[in-house]
Amino acid sequence: MCGRYTLMTKLKAIEKRFNVSGNIQFEPNTNISNGELAPVITNENPDCLQLFQFGFTPFWSDKKTYVINARSEGDKNKKNDPYYTGSKEIIQKPMFRKSIRSKRCIIPADCFIEGPSTTKLNNPFVVYLTNKQRPFAFAGIWDEWIDKYTAEQTKSFVIIKTVANTLLQQIGHPRSPVILHPEEESVWLDSSLSTT
């Protein structure tokens with residue numbers, strides 16, 4: 001489920017790699033997990049590195065929800081068939097349908113932590129790209145939630161997941177985060193493009 005990932009690259013190198021600037025305080029982290037702040041680059045501000053909370057809450061929610069994965073297939077492919085090529089029903093899911101259309105982000109990462117379905121993170125693997133590219137970008141979506149009692153604003157994000165690639169299948173995990181090629185990053189941030 002890609003509930004943890006690592007970002008040890010220094011901020012200056014992240015800014016250079018993604019051609020962004022940012023005035024954020026972020027310490028390199030070997031174990032970014034649910035509820036923590038982490039760097040993102042959004043479609044609304046594609047030249048700026050910002051800190052958002054890992055763990056998504058849609059704007060309409062009554063409380064924080066901390067969702068860390070958004071299935072690209074939505075409710076389809078519940079058996080996690082790695083050869084599934086059907087529709088990407090994420091665009092229909094109430095939790096994500098607004099953000100997938102208008103609030104996309106890329107999430108810089110050096111690697112991610114995954115475990116087999118049976119033992120989960122009790123038997124973790126650290127997964128790097130084979131070309132040793134660091135950092136790379138997860139495809140994500142984000143939203144801004146306002147606590148109706150305190151007026152506190154929270155900008156949060158979620159990593160989009162898809163079927164397991166061959167490496168994740170070998171590990172015994174049924175899902176894989178969507179990792180963007182560098183040439184796909186600006187396309188992902190272009191929310192004017194159709195989602196169909």
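Numbers here simply count residues along the sequence, with the first being 1. In this text the structure is predicted, and so the values were computed from the model without any measurement.
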Query - Asp110 (side chain) donor-acceptor with Thr9 (main chain) under 3.5 angstrom - result: yes

Requested in this report: Kindly check if the number of other-residue, nucleotide or ligand heavy atoms within 6.0 Å of CG (Asn31) is above 12?
Outcome: yes

Query - Salt bridge Asp143-Lys98, side-chain N to carboxylate O under 4.0 Å - result: no

Query raised in the report: Distance-only, no hydrogens or angles: does the Asn43 side chain make a donor-acceptor pair with backbone N or O of Ser102 under 3.5 Å?
Result: yes

Report task. Examine distances only and state if a side-chain atom of Arg104 and a backbone atom of Ser99 form a donor-acceptor pair shorter than 3.5 Å. Result -> no

Query raised in the report: Under a 4.0 Å N-O cut-off, is there an ion pair linking Glu73 with Lys88?
Result: no

Report task. Indicate yes or no for a side-chain donor-acceptor contact from Glu184 to the backbone of His181 under 3.5 Å, with no hydrogens or angles considered. Result -> yes

Report task. Tell me, with the steps shown, if Glu185 and Arg17 meet salt bridge (Lys or Arg N to Asp or Glu O under 4.0 Å). Result -> CA-CA 12 Å; Glu185 293 165 4; Arg17 158 63 178 83; 2.6 Å; yes

Report summary line: Shortest non-hydrogen pair, Pro39 vs Pro108, comes out as O-CD, 3.2 Å

Query raised in the report: Are more than 12 heavy atoms from other residues, nucleotides or ligands located less than 6.0 Å from atom CD of Glu183?
Result: yes

Requested in this report: For atom NZ of Lys76, decide whether the heavy atoms of other residues, nucleotides or ligands shown that lie under 6.0 angstrom number more than 12.
Outcome: no

Query raised in the report: Say you draw a straight line from CG of Leu129 to SG of Cys111; how long is it, rounded to the nearest 0.5 Å?
Result: 9.5 Å

Report summary line: Taking every heavy atom of Ile159 against every heavy atom of Ile107, the minimum-distance pair comes out as CG1-CD1, 3.7 Å

Report task. Mark yes or no for whether Gln170, through its side chain, and Leu167, through its backbone, hold a donor-acceptor pair below 3.5 Å. Result -> no

Query raised in the report: Is the backbone N or O of Asp81 less than 3.5 Å from a side-chain atom of Asn77, with the two atoms forming a donor-acceptor pair by type?
Result: yes

**Report entry** Charged N-O contact under 4.0 Å between Lys10 and Glu15
**Finding:** no

Report task. Could you tell me whether Glu152 and Lys64 make a salt bridge, using a distance below 4.0 angstrom between a side-chain N and a carboxylate O? Result -> yes

Query raised in the report: Do other residues, nucleotides or ligands put more than 12 heavy atoms under 6.0 Å from Asn19 CG?
Result: no

Report summary line: Closest non-hydrogen contact found for Asp62 with Trp145 is O-CZ2, 3.9 Å

Report task. From the options Ile32, Leu168, Val126, select the one residue that forms a side-chain contact (heavy atoms from CB on, under 4.5 Å) with Phe112. Result -> Leu168

Query raised in the report: Can any side-chain N or O of Trp142 pair as donor or acceptor with the backbone N or O of Val40 at less than 3.5 Å?
Result: no

Query raised in the report: When Ile, Leu, Val, Met, Phe, Trp and Tyr are grouped by side-chain heavy atoms lying under 4.5 Å apart, directly or through other members, which residues fall in the same group as Tyr84?
Result: Val163

Query raised in the report: How far does CZ of Phe138 sit from CG of Leu180, to the nearest 0.5 angstrom?
Result: 10.0 Å

Query raised in the report: Backbone N or O of Glu114 within a donor-acceptor pair of the His173 side chain at under 3.5 Å?
Result: no

Result block: side-chain N/O donor-acceptor pairs under 3.5 angstrom for residues 46-60, not counting sequence neighbours:
| from | atom 1 | to | atom 2 | distance (Å) |
| --- | --- | --- | --- | --- |
| Gln50 | NE2 | Thr42 | OG1 | 3.4 |
| Gln53 | NE2 | Gly55 | O | 3.3 |
| Thr57 | OG1 | Thr65 | N | 3.0 |

Requested in this report: Can you see which heavy atom on Ile24 is nearest to which on Leu11, and at what distance?
Outcome: O-CD1, 3.5 Å

Query raised in the report: Can you check whether Thr162's main-chain N or O pairs, donor with acceptor, with Arg71's side chain at less than 3.5 Å?
Result: no

Requested in this report: Report the distance from atom OG of Ser156 to atom CD1 of Ile68, rounding to the nearest 0.5 Å.
Outcome: 12.5 Å

Query raised in the report: Remaining members of Tyr149's ILVMFWY cluster at a side-chain heavy-atom cut-off under 4.5 Å?
Result: none

